[in-house]
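One-based numbering along the sequence shown.
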Amino acid sequence: MRRASIITIFLFLTLILSGAAARSEEKELRKVLFYTYVGPVMGFGYNHIKYKEWNQATSLYGTEYVSGPHFNGGCAFNLHAENFIGDFRIEYMYNLNDGNHVITHFFYSIFGKYRWPINEMFGITSGLGIYFETPPSNTNYNGCAGLQVPVGVMVKTSFDTRLFADFVTRFGYYGYDDNNAKIKLSDSSYKVSYGLQIGFLFKVGRL
């Protein structure tokens, strides 16, 4: 009888401890939450473009190098899960290349980033992404697409807001057609650019 009582108590304690462990594990799982942020973003930088051109009027090939600043602004959408960040941005970009190749167009940017926390408020971010430049544009522009690498910082300015700054380097293929000059670009035309982007994010939900 005494042995049966000991076994019953042991089983009872085992059930209690198992339930506590399950609740603790469930609580830990609940900590991995996905938070959504949205906010304005703006930036500036510099372009280096290499044109490989075919002039239909003369049937001659040629190479042209142009460069100049660019400015952009729009909206950033973020999904945060612990230190992992998914970043999507829609912007409009103004390119002033050598003063003669002024092009404005839509700019879409996608990043996957990781945040290395320095302390509770401050963290270093880096990752990899892709980007697309598309019409509508002020001229006959076929767009551009390529890879981009961000390195930046993120600051927790309050419980529901974040401030970030990214230095971004991009490489992509370029497609600009000048119908007036009857110039067509080859597939090897490319664009290298870099710049700084700054944004402010507001928490808008939780998944």
Side-chain angles (χ1 to χ4, degrees), residues 38-79 84-114 124-154 164-199:
V38 64
V41 60
M42 62 184 302
F44 62 92
Y46 209 78
N47 297 321
H48 296 281
I49 303 168
K50 179 182 178 181
Y51 291 99
K52 288 259 190 173
E53 301 172 333
W54 171 42
N55 193 314
Q56 292 177 325
T58 61
S59 297
L60 294 176
Y61 285 94
T63 301
E64 181 182 359
Y65 296 90
V66 298
S67 59
H70 68 260
F71 305 91
N72 52 282
C75 189
F77 304 88
N78 273 204
L79 181 64
F84 293 94
I85 302 171
D87 188 321
F88 174 68
R89 304 175 192 177
I90 301 176
E91 302 174 75
Y92 206 73
M93 180 174 284
Y94 176 86
N95 301 272
L96 182 60
N97 301 317
D98 286 354
N100 297 317
H101 297 76
V102 177
I103 302 176
T104 59
H105 54 77
F106 272 104
F107 182 82
Y108 302 91
S109 180
I110 303 172
F111 293 107
K113 299 192 292 186
Y114 186 81
I124 304 296
T125 60
S126 184
L128 186 65
I130 57 176
Y131 73 94
F132 304 93
E133 299 177 2
T134 69
S137 173
N138 64 319
T139 186
N140 190 16
Y141 181 55
N142 292 334
C144 180
L147 297 175
Q148 56 183 350
V149 178
V151 178
V153 296
M154 179 167 283
F164 71 87
D166 289 327
F167 181 82
V168 185
T169 302
R170 304 185 182 98
F171 176 85
Y173 287 97
Y174 199 67
Y176 170 73
D177 292 345
D178 188 342
N179 288 334
N180 295 327
K182 297 183 179 179
I183 290 175
K184 300 295 180 182
L185 295 188
S186 71
D187 293 335
S188 58
S189 299
Y190 65 83
K191 174 180 179 180
V192 177
S193 62
Y194 48 86
L196 179 68
Q197 289 204 287
I198 300 174

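- Using a 4.5 Å heavy-atom threshold, the side chains of F106 and Y92 count as touching.
- Residues G172 and C144 share a closest heavy-atom pair of C-SG, 3.9 Å.
- One N or O on the side chain of S126 and one on the backbone of P150 form a donor-acceptor pair closer than 3.5 Å.
- Counting only heavy atoms from C-beta outward, the side chains of Y94 and V102 approach each other to under 4.5 Å.
- Side-chain contact between K191 and N97 is absent, with no heavy-atom pair separated by less than 4.5 Å.
- F111 is listed as a side-chain neighbour of Q148, based on a closest heavy-atom distance under 4.5 Å.
- Under the side-chain contact (heavy atoms from CB on, under 4.5 Å) rule, D166 has a single partner from V153, T125, I198, which is T125.
- Looking only at side-chain heavy atoms (C-beta outward), L147 and F171 stay at 4.5 Å or farther from each other.
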Decide yes or no on side-chain contact (heavy atoms from CB on, under 4.5 Å) for H48 and Y194, but give the supporting numbers first. CA-CA 9 Å; H48 296 281; Y194 48 86; 3.4 Å; yes
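- The shortest side-chain heavy-atom distance between S67 and Y65 does not fall under the 4.5 Å cut-off.
- Between N95 and T104 the shortest side-chain heavy-atom distance does not fall below 4.5 Å.
- With values rounded to the nearest 0.5 angstrom, R89 atom CZ is found 13.0 Å from M42 atom CE.
- With rounding to the nearest 0.5 angstrom, the OH atom of Y114 is 13.0 Å from the CD1 atom of I124.
- Separating the NE2 atom in H105 from the CG atom in N72 is a distance of 9.0 Å, to the nearest 0.5 Å.
- Across all non-hydrogen atoms, the minimal contact from C75 to V38 is SG-CG2, 3.6 Å.
- To the nearest 0.5 Å, the span separating CE on M93 from CZ on F71 amounts to 11.0 Å.
- Going from atom CZ of F164 over to atom NZ of K113 covers 6.0 Å, rounded to the nearest 0.5 Å.
- Closest heavy-atom contact between I103 and N138: CA-OD1, 3.3 Å.
- Put simply, the side chain of Y108 reaches to within 4.5 Å of the side chain of I90, judged on heavy atoms.
- Counting all heavy atoms, side chain and backbone alike, S193 lies closest to N47 at CB-OD1, 3.3 Å.
- L79 CG to F88 CZ: the interatomic distance, rounded to the nearest 0.5 Å, is 13.5 Å.
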